[in-house]
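Chain letters run A, B, ... following the sequence lines, proteins first, then strands; residues in each count from 1.
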Amino acid sequence: KQEVTQIPAALSVPEGENLVLNCSFTDSAIYNLQWFRQDPGKGLTSLLLIQSSQREQTSGRLNASLDKSSGRSTLYIAASQPGDSATYLCAANSGGGADGLTFGKGTHLIIQP
Amino acid sequence: SAVISQKPSRDICQRGTSLTIQCQVDSQVTMMFWYRQQPGQSLTLIATANQGSEATYESGFVIDKFPISRPNLTFSTLTVSNMSPEDSSIYLCSVLAGGQIREQFFGPGTRLTVL
């Protein structure tokens, strides 16, 4: 059974810093991995999706990497802004793309102005 | 992408009653999913709902407690039956959509409080 772990559980940094959020998964036979953002009282916003054949994906100030052999993914946020404050969730899809996702518990990020 | 709406957005219910949550998608999709997010926890998959077949439930979730309907390719409902305070959670539906690369898109969630 796939298990996803995210560290740190919470992070508070000053505005402008670059930061890295970590995600690890136990079953390397994943189809893809998604990073989401969740704002309080709201649903999930998909940030990046990395296919199993890919090593990284970039969108604006966000870069996500995937290392299947070590069971790790990282989300890099450059030049952080207060608007980046949210909970970031990592989710692994292990079922050929047609199954539900296995989520980590998330990293609660606060960017101090 | 897919745009998903859920009704109600939130509700407060009494113990022992049932609540039906609706999920509407702006395009036809084969696969829909229902998740639960308990307070302070991450999302847990409840069941997969494909049009034309019975929902498939994950370990720990049963049809009598969480009956699901999937009458067409754009709509699904999840009922939380005989509720107890432990059912207080955010319930989210999601769909698998996209072209060559398919990914999951989520609705805004239904925040349920059971007294």
Response to the item:
Bottom line for B/Q6: the part with an atom under 4.5 Å from chain A's heavy atoms is neither
Worksheet entry | Toward chain B, the part of A/L49 with a non-hydrogen atom under 4.5 Å | side chain
Fill in: Proximity breakdown for B/F105 and chain A, heavy-atom pairs closer than 4.5 Å
neither
Worksheet entry | Test item: A/K105 side-chain N/O and B/G40 main-chain N/O as donor-acceptor pair under 3.5 Å | no
Item to complete: Quick one: sort the B/F106 and A/F103 rings into parallel, tilted or perpendicular, breaks at 30° and 60°.
Response: perpendicular
Fill in: Contacting region of A/L89 [heavy-atom separation from chain B under 4.5 Å]
side chain
Item to complete: Using non-hydrogen atoms and a 4.5 Å limit, figure out which bit of B/L43 sits close to chain A: side chain, backbone, both or neither.
Response: both
Worksheet item: With no hydrogens and no angle check, is any side-chain donor or acceptor of A/Q34 less than 3.5 Å from a backbone partner on B/Q104?
Response: yes
Worksheet item: Can you say whether A/Q38 sits under 4.5 Å from chain B via the side chain, the backbone, both, or neither, judging by heavy atoms?
Response: side chain
Fill in: Distance-only donor-acceptor check, side chains B/T48 and B/T56, under 3.5 Å
no
Worksheet item: Which of these, B/N82, B/V80, B/T113, sits in a side-chain contact (heavy atoms from CB on, under 4.5 Å) with B/D87?
Response: B/V80
Worksheet item: Passes side-chain contact (heavy atoms from CB on, under 4.5 Å), B/Y35 versus B/S94? Steps please.
Response: CA-CA 8 Å; B/Y35 291 83; B/S94 76; 3.4 Å; yes
Discussion item. Under 4.5 Å from any heavy atom of chain A, what part of B/Q41 do you find: side chain, backbone, both or neither?
Written reply: side chain
